[in-house]
Amino acid sequence: MRYSVLRVSLLLLLLVSLQERAVQASDWPMWRMDPARSAQTEQLLPESLHLQWVHRLPQLEPAYKNERLQFDAGYEPVVKDEILFFGSSQNDSVTALDLKTGKQLWKYTTEGPIRFAPVAWKDAVYFGSDDGCLYAVSAQTGELLWKFRAVPSRRLILGNRRLISVWPVRGGPVIENDTVYFAAGVWPFEGVFIYALDTATGKVKWMNDQLGFLYGQHPHAAEALGGVTPQGYLVISDKELIVPCGTAFPARLNKQTGKLIAFELPKPGRTPGGWFTAAGKAARRGETEVATPSLQFDRDVNSARHENGQNYGPDGKRGLRQQIQVGNQSLKYQTPIPGVDGTIHSLLVASDYLIAVTLEGSIYCLGSEPTTPATYESPLLKQIITPPDTPQTNPIPEMFSGSLQAGGYVLLAGIPDARQLDSLLTQPQVQVIYLGNHAGQIKSLRQLYHKRGLSSSQLSFLSGTLEEIQLPPYFAQTIIAAEHIDSGVKSYSELISHLYPALRPYGGRLLVKCSEADHQKLAAEFETLSQAKISRIDGYTVFKKSGAIPGSTNYTGGWSSPDELVKAPVGVLWYDDSVGNFKRAPQPLFVDGVMTSHSKYWQGYPAGVRPPYQLLAPQFADVYTGRKLTASQAEMLATELPTLDQAQKQPSQYRPPYQKNDWSPAPPVIGERTNPLTGKTEPRAFPKSYGCDGGVDYSYLYTMRSGTAAFYDKRIESGTIHISGPRSGCTNSIVPANGLLNVPYYFQGCTCSYPLPVGLSLIAMPETHEQWMVWGKSDVQQVHRVGLNFGAPGDRMTDKGTLWLDIPSVGGPSPELDLQVSPISAKPFYEHSLWIEGGRGWPWVGASGITGVREIRLNQIKAGDYTVRLYFREPEFSSTGQRVFDISLNGKPLISQFDIFQETKSSQKILVREFSQIHLDQKLSLTFTARTGEPLICGLELIEQSLPADSLVELPAQELELLTKP
């Protein structure tokens with residue numbers, strides 16, 4: 001009897017298992033079917049296929065023009081349980097359709113473009129957005145299950161012509177065994193974050209934030225501080241997580257721990273990589289498990305036009321991305337399918353249906369049953385915006401008609417007039433962003449205007465308050481604000497303080513709808529506001545930001561641009577590739593916020609045209625947004641547009657007079673400096689790796705190609721700071737002007753595996769901003785000032801003159817101190833400083849450290865009296881008594897029974913202990929004695945008493961809440 005019951009139970013389990021397998025076998029739940037991106041299914045298609053339905057959607061505009069980065073050129077549906085899901089960067093949404101009928105079941109909208117296919121797993125759908133979040137929603141209803149923000153910051157920039165997070169989710173998600181993997185962040189020097197989350201709860205299994213600062217190999221055997229640049233679909237290959245890196249080659253991580261296995265850019269030049277990769281075939285039984293998993297590339301993706309002809313990556317199968325395997329049948333995208341019109345971009349098979357997606361924007365479903373196909377058409381194909389009947393009904397003040405004709409970004413902080421939005425949307429070349437603090441209002445407005453056919457590139461929405469959201473400086477041509485309460489601030493004064501910095505110089509206007517009495521108060525309070533001309537028109541208080549930013553410069557050539565505003569550290573303001581230039585084109589020119597550049601006709605070589613090439617017509621771009629301008633728009637924004645004579649014969653190279661060798665410049669030595677470690681005068685020499693651009697001394701900054709684009713800030717003796725990701729031009733194209741460090745796209749004609757072939761502009765950031773540099777080797781006899789930054793990925797200088805060195809040295813050549821840290825097994829740790837929740841001191845010092853330390857001994861110190869600062873943070877424990885230790889200085893007790901958590905009550909707050917008038921004679925010895933747990937230290941700063949010291953910065957208290965559940 002017991003045997004019969006057991007047998008029936010086993011049969012039932014087997015039946016359930018087979019049913020589950022059958023359901024799974026009929027699905028296509030993620031991009032290219034599975035975590036290996038194999039594009040293979042055991043399903044068989046019916047012998048005859050008939051069109052069931054078609055959804056006609058607008059053609060997608062990929063983020064990048066470069067095909068090696070076009071991971072989002074078309075829609076990429078997935079299917080599970082007979083529901084089809086697809087994402088869109090046109091309206092920032094994921095849509096669910098009934099697979100059999102094509103009827104829409106639900107739509108979920110985010111606050112940024114969705115550029116990668118969702119993943120369907122069990123009863124949920126997962127997808128990432130350029131807003132920096134990963135979402136999990138119910139597969140049946142589209143209701144939010146949880147949302148995970150990758151980084152505890154809502155800092156926004158313009159990325160690929162949209163207002164997005166600095167850390168967009170561009171590492172397309174992949175799921176295996178109830179774990180969803182994704183990556184956020186594009187720019188290594190801003191931080192890169194790779195995650196493994198539990199699919200059910202959204203809780204973190206592991207996170208790696210150490211891959212943005214890796215000193216190592218670059219093309220042409222260069223060395224630079226760079227890192228992983230996640231852009232492409234993540235892949236599971238056996239025990240590894242593969243992270244594609246744009247137009248470079250992928251990084252390999254341990255999928256269980258997140259630890260880096262391997263990543264480097266190819267040593268030779270002219271070796272193009274690309275966004276696409278898939279796992280090779282699984283190892284056969286009996287083969288070693290430790291063998292490196294193979295990866296598959298597509299030579300058609302890893303291909304680019306070099307000045308000398310077409311170049312290809314080192315391996316790969318041509319057309320691999322454009323085919324799928326259905327049983328024993330290979331379906332190629334180039335093969336026409338009856339009933340499908342257009343260029344096939346993607347194919348998949350699920351539940352006996354063939355889904356075909358065209359590059360033009362249609363999704364076709366073909367099945368075995370003859371039927372009258374249903375056609376669905378997106379509202380985005382038939383824009384319905386009714387312009388105001390007469391000019392008198394236009395609620396936009398007349399004074400704005402001129403500035404709006406030049407196009408640009410318009411920010412609405414609330415809506416002062418309900419008709420205003422329609423009026424703005426009739427203006428050509430205008431992109432409107434609505435910011436509001438009422439989620440319900442935003443939802444209804446979004447639905448209304450999407451039904452009217454407005455794409456998110458015309459009208460997008462931001463929910464939250466101005467205190468939560470960090471808008472990019474200078475981006476908005478026009479800002480119109482309603483009541484301050486609509487933006488979540490307490491007064492009109494706070495409203496102006498938040499919005500005015502986001503206004504573009506050279507004529508940007510901020511309109512605030514307020515009473516006459518409030519206008520009088522604002523006019524008096526902001527009378528001395530920089531560049532502001534305040535007036536009153538039609539019930540609005542108008543702030544016009546006139547002229548140049550004080551301290552900024554124009555640049556019209558001459559190899560000098562003493563822009564006072566461009567200062568290390570710097571952060572990204574915008575990036576885009578709309579305006580591209582040949583790598584040896586003339587220098588860009590910058591006047592009144594407009595960049596003028598002339599590319600060259602370089603693609604005729606080697607067919608017959610020889611260098612130097614002919615100049616092409618001038619191109620114009622907005623310095624503050626990267627937006628491509630027509631000549632007439634540029635004329636509206638700038639007082640003059642310097643251009644070159646296209647008929648005049650040009651040189652092949654453009655060099656400053658002090659660069660004597662066009663191709664192999666001497667290492668830079670730019671005058672003299674005071675060595676911050678010793679106080680002695682020495683030549684100002686700094687590391688520079690490969691790059692035929694030997695560099696330009698613009699006055700305050702020396703910019704150059706050093707593997708990547710790079711610069712040295714002479715005012716603080718910064719060391720070499722790498723702008724990792726793109727390469728700059730053979731012509732020096734890194735120019736401080738108009739208040740920004742401009743790095744336009746001077747990459748055309750090059751096929752090297754730099755991962756980000758784009759242009760960008762950078763803006764000065766606070767000293768608390770994390771940015772690393774390479775100081776280089778120097779004489780360190782008789783040290784009188786130094787910072788020891790334990791566990792840090794690079795060196796860093798401060799305004800007052802402390803050179804913080806990474807200990808152990810991992811971020812390139814550094815001064816070699818007479819320093820011993822014991823035991824040698826002391827373990828370094830690092831977290832990005834964005835995680836710091838408060839305290840005092842530099843966050844980028846407190847974010848890293850060493851544990852298990854017993855002694856730190858520094859010799860060769862100049863005899864004298866010193867200030868000693870010790871940095872601490874408790875990274876592990878969340879209760880007192882877990883780590884307690886004593887510290888002695890040169891044999892004398894300094895700190896007794898030290899419990900970091902007891903004093904900070906946090907694992908993310910910095911604690912600094914400062915000691916003055918410490919007399920040192922040639923050496924410093926810190927001894928750590930454990931009472932409970934292992935001693936640790938994050939940083940040690942030593943400053944001779946007579947020298948100026950940096951103030952200990954009070955960091956804002958914050959709670960890190962990444963996971964949101966309804």
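Note that the structure is a prediction, hence the values are computed from the model and not measured.
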With side chains defined as the heavy atoms from C-beta onward, is the minimum distance between V432 and L412 less than 4.5 Å? yes
Would you say the side chains of S456 and N91 form a donor-acceptor pair under 3.5 Å? no
To the nearest 0.5 Å, how far apart are CD1 in I485 and OG in S491? 12.0 Å
Is it the case that N160 and E61 place a side-chain donor and acceptor less than 3.5 Å from each other? no
Under a 3.5 Å cutoff, is there a donor and acceptor pairing between the side chains of S733 and Q587? no
State whether K567 and D713 are salt-bridged, where the test is any N-O pair (Lys NZ or Arg NE/NH1/NH2 against Asp/Glu carboxylate O) under 4.0 Å. no
Salt bridge or not for R162 and D92, using N-O below 4.0 Å? yes
Taking the side chain as C-beta and beyond, is there a heavy-atom pair between L834 and E770 under 4.5 Å? no
Looking only at heavy atoms, what is the nearest atom pair of P618 and T596, with distance? CB-CG2, 4.1 Å
Donor + acceptor pair across side chains of Q231, R170 (<3.5 Å): yes
Just do the side-chain contact (heavy atoms from CB on, under 4.5 Å) check on L445 and I415 with the steps written out, would you? CA-CA 11 Å; L445 282 172; I415 302 180; 3.9 Å; yes
Does a donor on one side chain sit under 3.5 Å from an acceptor on the other, for E494 and S497? no
Taking every heavy atom of I114 against every heavy atom of S129, the minimum-distance pair comes out as CG1-CB, 4.2 Å
Step-by-step side-chain contact (heavy atoms from CB on, under 4.5 Å) determination, D799 to E767: CA-CA 8 Å; D799 277 359; E767 271 202 284; 3.5 Å; yes
Quiz question: by atom type and distance under 3.5 Å, do the side chains of D592 and T639 form a donor-acceptor pair? yes
May I ask you to check if K714 and Y700 form a cation-pi contact, with NZ or CZ under 6.0 angstrom from the six-membered ring centre and within 45° of the axis? no
Without hydrogens or angle criteria, can the side chains of Q908 and E831 be said to hold a donor-acceptor pair below 3.5 Å? yes
Going by distance alone, is a donor N or O of one side chain under 3.5 Å from an acceptor N or O of the other, for Q441 and Y434? yes
Between Y474 and Y624, does the ring centre distance come in under 6.0 Å? yes
Which of these passes side chain to side chain contact (heavy atoms under 4.5 Å, CB included) with L741: L565, I723, L760? I723
Between S632 and E635, does a side-chain hydrogen bond (donor to acceptor under 3.5 Å, both in side chains) hold up when you go through it step by step? CA-CA 5 Å; S632 59; E635 288 171 356; over 6 Å; no
List the atom of S487, the atom of A413, and the distance in Å for their closest heavy-atom pair. OG-CB, 3.3 Å
Between W842 and W844, what is the ring plane arrangement, given parallel below 30°, perpendicular above 60°, and tilted in between? parallel
With side-chain hydrogen bond (donor to acceptor under 3.5 Å, both in side chains) as the criterion, how do D950 and T798 come out once you've worked through the C-alpha distance, each side chain's angles and the decisive distance to 0.1 Å? CA-CA 8 Å; D950 295 290; T798 69; 2.6 Å; yes
Under the side-chain hydrogen bond (donor to acceptor under 3.5 Å, both in side chains) rule, what do S597 and N581 come out as? Steps first, then yes or no, please. CA-CA 8 Å; S597 63; N581 293 279; 3.1 Å; yes
How long is the gap from OG on S546 to CD on Q531, to the nearest 0.5 Å? 7.5 Å
Write down the atom of R161, the atom of A63, and the distance for their closest heavy-atom approach. NH2-O, 3.2 Å
Using side-chain hydrogen bond (donor to acceptor under 3.5 Å, both in side chains), reason through Y746 and D693 one step at a time and then give a plain yes or no. CA-CA 12 Å; Y746 271 63; D693 161 28; over 6 Å; no
N732 and T703, any side-chain heavy atoms less than 4.5 Å apart: yes
Is a donor from one side chain sitting under 3.5 angstrom from an acceptor on the other, for W835 and D209? yes
Going by distance alone, is a donor N or O of one side chain under 3.5 Å from an acceptor N or O of the other, for D486 and N437? no
Could you tell me whether R149 and D131 make a salt bridge, using a distance below 4.0 angstrom between a side-chain N and a carboxylate O? no
Quick one: pull up CD in E483 and CG in D518 and give me the separation to the nearest 0.5 Å. 8.0 Å
Any side-chain heavy atom of F461 within less than 4.5 Å of one from I442? yes
With rounding to the nearest 0.5 angstrom, report the CG to NZ distance, D577 to K628. 10.5 Å
Working to the nearest 0.5 angstrom, can you tell me the gap between I480 CD1 and L411 CG? 9.5 Å
Between R155 and E190, is a salt bridge (charged side-chain N to carboxylate O under 4.0 Å, His left out) present by the stated rule, with each step listed? CA-CA 11 Å; R155 179 177 147 220; E190 290 281 11; 2.8 Å; yes
Contact summary for P843 and I836, nearest pair of heavy atoms: O-CG1, 3.9 Å
Taking the six-membered ring for Trp, are F711 and H722 ring centroids under 6.0 Å apart? no
Student check: side-chain heavy atoms of L589 and M595 closer than 4.5 Å: no
Pairing donors with acceptors under 3.5 angstrom, does anything connect the side chains of D576 and S578? yes
For S724 and T708, the nearest pair of non-hydrogen atoms, with its separation, is CA-CG2, 4.0 Å
Side-chain donor-acceptor contact under 3.5 Å, S463 with E111: yes
Between E525 and Y492, is there a side-chain donor-acceptor contact under 3.5 Å, judged purely by atom types and distance? no
V566 and S561, any side-chain heavy atoms less than 4.5 Å apart: no
Could you check whether E564 pairs with R715 (Lys NZ or Arg NE/NH1/NH2 to Asp/Glu carboxylate O, under 4.0 Å)? no
Between L158 and Y575, is any pair of side-chain heavy atoms under 4.5 Å apart? no
Report, as yes or no, whether the 6.0 Å neighbourhood of atom CD on Q429 holds more than 12 heavy atoms from other residues, nucleotides or ligands. no
side-chain contact (heavy atoms from CB on, under 4.5 Å), that's the test. Do L163 and L462 meet it? Break it down for me. CA-CA 9 Å; L163 192 63; L462 285 174; 3.8 Å; yes
Hey, are the side chains of V774 and D795 touching, using non-hydrogen atoms and a 4.5 Å cut-off? no
Do the side-chain N and O atoms of T541 and R536 include a donor-acceptor pair separated by under 3.5 angstrom? yes
From OG1 (T731) to CD1 (I734), nearest 0.5 Å: 11.0 Å
May I ask you to check whether F526 and Y500 place their ring centres under 6.0 Å from each other? no
From Y712, W559, Y555, F590, residue fulfilling ring pair (Phe, Tyr, Trp, His ring centres under 6.0 Å) relative to Y698: Y555
Decide side-chain contact (heavy atoms from CB on, under 4.5 Å) for V151 and S165; before the verdict, give the C-alpha distance in whole Å, the side-chain angles of both, and the deciding distance to 0.1 Å. CA-CA 9 Å; V151 172; S165 170; over 6 Å; no
